[in-house]
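In what follows, a single structure is set out as structure tokens and then discussed.
Here the structure is a predicted model, which means the values were calculated and not measured.
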Amino acid sequence: MKIDIHRSATDRVIAGVIGGIAEHFNWNTNVTRLLFVVLAITPMYPGIIAYLILWLLMKDPIKD
């Protein structure tokens, strides 16, 4: 099962997941990354789990 959001090819730190989400929804990438960091440091690490799941589900970046 794949979702219709691509990982970012240009705005990436690890896999381009957060950059792809920010591009798709037209959000500020730094604010989106900050949100994921906050989720990652909360108990039970929902940000890290969500990142790994999205990495598997999101399509590869579109190469221009």
Side-chain angles (χ1 to χ4, degrees):
M1 179 177 144
K2 298 275 184 180
I3 55 177
D4 196 28
I5 302 175
H6 295 277
R7 288 182 276 137
S8 178
T10 57
D11 190 10
R12 60 191 315 156
V13 173
I14 298 174
V17 172
I18 298 173
I21 291 172
E23 287 174 4
H24 181 78
F25 292 108
N26 201 20
W27 294 342
N28 184 325
T29 307
N30 292 327
V31 173
T32 310
R33 284 193 179 106
L34 180 63
L35 176 66
F36 265 79
V37 167
V38 169
L39 286 174
I41 62 173
T42 58
M44 298 191 46
Y45 310 106
I48 295 171
I49 294 167
Y51 191 92
L52 294 173
I53 291 170
L54 287 170
W55 192 353
L56 293 172
L57 294 177
M58 291 175 74
K59 297 177 182 176
D60 289 333
I62 299 174
K63 307 264 196 259
D64 291 332

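- Listed here is the closest heavy atom pair of Pro46 and Pro43: CD-O, 3.6 Å.
- Criterion: ILVMFWY side-chain heavy atoms under 4.5 Å apart, direct or through other members. Under it, Val37 and Tyr51 are not part of a common hydrophobic cluster.
- Under the side chain to side chain donor-acceptor pair (under 3.5 Å) criterion, Thr29 pairs with Asp11, sequence neighbours left out.
- Going from atom CG of Leu34 over to atom CG of Leu39 covers 10.0 Å, rounded to the nearest 0.5 Å.
- Cluster annotation: Met44 is not connected to Ile41 through the hydrophobic network of ILVMFWY side chains, with a link wherever side-chain heavy atoms come within less than 4.5 Å.
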Identify every side-chain donor-acceptor pair in residues 16-27 under 3.5 Å, counting partners at least two apart or on other chains, and give the distances.
unit_1: Glu23; atom_1: OE2; unit_2: Ser8; atom_2: OG; d: 2.9

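- To the nearest 0.5 Å, atoms CG (Leu35) and CG (Asn28) are separated by 12.0 Å.
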